[in-house]
Amino acid sequence: MTHHDEPRGRASNFIRNIIVEDVNANKNGGRVATRFPPEPNGYLHIGHAKSICLNFGLANEFNGTCNLRFDDTNPGKEDVEYVDSIQEDVKWLGFDWEDRLYYASDYFDRLYAFAVELIKNGKAYVCSLTAVEIREYRGTLTEPGKDSPYRNRSIEENLDLFERMKNGEFDEGAHVLRAKIDMASPNLVMRDPTLYRIRKMDHHRTGDQWVIYPMYDFTHCLSDSIEGITHSICTLEFENNRELYDWVLDNVSAPCHPRQYEFARLNLSHTIMSKRKLLRLVEENYVDGWDDPRMPTLCGLRRRGYTARSIRNFCERIGVARRDSMVDLALLEHCLREDLNDVAPRVMSVLRPVRVVLLNYPEDQVEMLECWNHPVDKSMGTRRVPFSKVLYIEQDDFREDPPKKYFRLAPGREVRLRYAYYIKCVNVVKVPDTDEITEIHCTYDPETKGGWAKDGRKVKATIHWVSASHCLTASVRLYDHLFTTENPSDVEEGKDYLDYINQNSLETLTDCRLEPGLKDASPGQRFQFERLAYFCADLKDSKPGAPVFNRTVPLKDAWGKIEKKMKK
RNA sequence: UGGGGCGUCGUCAAGUGGCAAGACACAGGAUUUUGGUUCCUGCAUUCGGAGGUUCGAAUCCUCCCGCCCCAGCCA
């Protein structure tokens, strides 16, 4: 057992239970086939990760397959930019569709043939009502709809019209193909749903080959059937569509009849998942783009420094159920720290520096001190860090007038410099007018090299440091939650989610002093800056020689908690 | 107000008639050269509510309450 293992014991959930039963009953010959079917109209986010992990995870677990299929039936909204980013993100998450990359648009010919079959069987008709009229004829939640005046066109006329729709003889909106089901159905989805519409637009894959495009409800079930999907897993809002999913497959010579199961989509506290709302954050420059490290997109999380494994573990832990829920961001962060704690090498960096001069340390002496890269996993080895007379420590690690329970450096107090020496504060130098501390004078105890006192005396704190003449100056970005409220989608009267954006979600520090070894960090490389947080060299802005770090997630902070409590 | 769903700890979530798993969060404590990690301990006499069936109910029945989804030629 190593920390690289996925969590043993997968959590039970209703979909897995269904699959177990199906496999035991030898349904579909014991075969399990799922698919992840994104529409290429936006970037994938952590909510999609839940679905990806579910579909690919189940397939892996039952020795089945999971296809990646682009649901690209709406050329007006879709773009290759998205099909590329989606593939990159699914791969990054750690899943492999092997040679099973499909597009609903690959099935346009077969879909058209199925539509013709429906018409021939009197189960579909060309309707020439306008969009507005169709809505009016649909009725309401409580009143039944009315039949379209075109509902009883002859099969021949329907066939002719549909073919001419395909041939581009009509303008957009002139006609649609509709299923002939039941205008009085209590399920609005079943009131003669639209199957095809005219869209005179280039499609990112089929170009100008088609001017009619199939709707989701017609396309999805048939695509599943064509691919031999056994379990078609989607989110709860498609529950009403299941009746139509089954109707289409039952009324056409479909190769097989997959079963649809719905689960609740993920909601995460302090963020939003709506593509529309995320798009607005990007377009109105509330963030730096889809991959801004504050975004819940997979590319954003990746840039923030999240590991794919932590996201997979998170998806496993939140479970799969049918009730609407809101998962605490703290759980995601817990999964992140859990992973990073094991794999991130430790390093010392001072974010808000204050000078420390060791009065009794030889002027030009430099010692290379051996430091562990990981406190527990010694296999990660050691590194040498330069130590000298003038150092930087964290401003937070010194208090001229220390409060109760504060046990870091203060006048007259002794602390340990990690892996170095015990030092004692003997004087504080301040700017005369302001109270700004410019320098802390200390003495060091040469008998404590490495951080151990031969006489056995203890110190209450160990703090990190960096040698002033050797360290590297760099920018570090401190990220925080994007929203100040737990649920930005459910907000006070008269306000909207933009009113709850956290104005302090990004703080850029430009005068940080890092351990010299960090100079050549490669973009994407992760570290723990000891006692502070996990950081990641930015994928875009960090260059070897000139690193820029993003704070991925802070370490738990017991002192911060105590301090907060004392202030109350 | 039609139809379809859902209600188990602060947050997720197992549980499908035999007497409320687990995780996060939270609170204590131990160990610690990261106030980190790790390790202990505590945390639902009760499952939206009220009745009923049963020796026994979160699980079955009845009624009530609350929340979500559906009236795109979006997915």
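In this text, all values refer to a predicted model and were calculated from it rather than measured experimentally. Just so it is clear: chains get the letters A, B, ... in the order the sequence lines come, proteins before strands, and each one is counted from 1.
For the pair A:K405 and A:F14, both in contact range of RNA chain B, the more 5′-proximal nearest nucleotide belongs to A:F14. Two residues, A:F407 and A:M215, neighbour RNA chain B, and the one matched to the more 5' nucleotide by heavy-atom proximity is A:F407.
Using a 4.0 Å heavy-atom criterion, one finds that A:R322 contacts the sugar-phosphate atoms exclusively. Counting non-hydrogen atoms under 4.0 angstrom, A:R408 reaches a base of the nucleic acid. Base contact: A:R416 has a heavy atom under 4.0 Å from a base atom. As judged by a 4.0 angstrom heavy-atom cut-off over every strand, A:V320 is placed among residues touching the sugar-phosphate backbone only. Residue contacts for A:I463: at a heavy-atom cut-off of 4.0 Å it reaches no nucleic acid atom on any strand shown. The residue A:M348 sits apart from the nucleic acid: no heavy atom pair falls under 4.0 Å. Looking at heavy-atom distances under 4.0 Å, A:Y196 makes no contact with the nucleic acid at all. Heavy atoms of A:T194 sit under 4.0 angstrom from primed sugar atoms or phosphate atoms, though from no base atom. Across all strands shown, A:V176 has heavy atoms under 4.0 Å from base atoms, whether or not it also approaches the sugar-phosphate. The residue A:W372 sits apart from the nucleic acid: no heavy atom pair falls under 4.0 Å. Residue contacts shown for A:I562 include a base, since a base heavy atom lies under 4.0 Å away.
Side-chain N/O atoms of A:R323 and base N/O atoms of B:U8 include a donor-acceptor pair closer than 3.5 Å.
Take A:S51 and apply the side chain to side chain contact (heavy atoms under 4.5 Å, CB included) test, not counting sequence neighbours, and it matches A:F36, A:N55, A:F263. Remark: A:R276 engages no residue in a side chain to side chain donor-acceptor pair (under 3.5 Å) (not counting sequence neighbours). In this structure, A:T448 has no side chain to side chain donor-acceptor pair (under 3.5 Å) partners at least two apart in sequence or on a different chain. In terms of the salt bridge (Lys or Arg N to Asp or Glu O under 4.0 Å) criterion, A:E81 has no residue partners (sequence neighbours excluded). Taking A:R531 as the reference, A:D397 meet the salt bridge (Lys or Arg N to Asp or Glu O under 4.0 Å) condition, with sequence neighbours excluded. Take A:K146 and apply the side chain to side chain contact (heavy atoms under 4.5 Å, CB included) test, not counting sequence neighbours, and it matches A:Y137. Annotation: salt bridge (Lys or Arg N to Asp or Glu O under 4.0 Å) contacts of A:R322 (sequence neighbours excluded): A:E239, A:E262. The salt bridge (Lys or Arg N to Asp or Glu O under 4.0 Å) check on A:D246 picks up A:R259, with sequence neighbours excluded.
Between A:K454 and A:E447 there is a salt bridge, with a side-chain nitrogen of the basic residue lying less than 4.0 Å from a carboxylate oxygen of the acidic one.
With both ends at atom C1', the span from B:C26 to B:C43 equals 8 Å, rounded to whole Å. When the C1' atom is compared between B:A58 and B:U45, the two are found 14 Å apart, to the nearest whole Å. Taking atom P in both B:C61 and B:G18, the straight-line distance is 16 Å, to the nearest Å. The separation of B:C67 from B:G72, taken at their P atoms, amounts to 24 Å, rounded to a whole angstrom. Atom name C1', nucleotides B:C47 and B:G7: the rounded distance is 10 Å, in whole Å. Nucleotides B:A44 and B:C9 place their P atoms 12 Å apart, quoted to the nearest Å. As rounded to the nearest Å, B:C24 and B:U62 have C1' atoms that lie 38 Å from one another.
Residue A:N341 places its side chain closer to B:U37 than to any other of B:U34, B:A75, B:U37.
The stretch residues 233-246 of chain A touches RNA chain B through A:E237, A:F238, A:E239, A:N240, A:N241, each having a heavy atom under 4.0 angstrom from the strand.
Sorted by first and then second residue, the salt bridge (Lys or Arg N to Asp or Glu O under 4.0 Å) pairs involving residues 174-195 of chain A (not counting sequence neighbours) are A:R151-A:D192.
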Secondary structure of RNA chain B in dot-bracket form (Watson-Crick or G-U wobble, distances below 3.5 Å, | marking inter-strand pairs): .(((((((.[[[..)..(...]]].(((((.......))))).....[[[[[..)....]]]]])))))).....

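Between the side chains of A:T307 and A:R526, not a single donor N or O lies within less than 3.5 Å of an accepting N or O. Side chains of A:Y213 and A:R199: no donor on one and acceptor on the other come within 3.5 Å.
Judged by ring centres under 5.5 Å apart and planes tilted less than 30 degrees, A:W559 stacks against the six-membered base ring of B:G35.
Taking the ring centre of A:W372 as origin, the terminal cationic atom of A:K378 falls inside the region bounded by 6.0 Å and 45° from the ring axis.
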Atom pairs under 3.5 Å: protein N/O with N/O of nucleotides 25-30 of chain B:
residue : atom : partner : partner atom : Å
B:C26   : OP1  : A:K561  : NZ           : 3.1
B:A27   : OP2  : A:K561  : NZ           : 3.4

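Taking only side-chain nitrogens and oxygens, A:T130 never comes nearer than 4.0 Å to OP1 or OP2 of B:C73.
With a glycosidic angle further than 90° from 0, B:G7 counts as anti.
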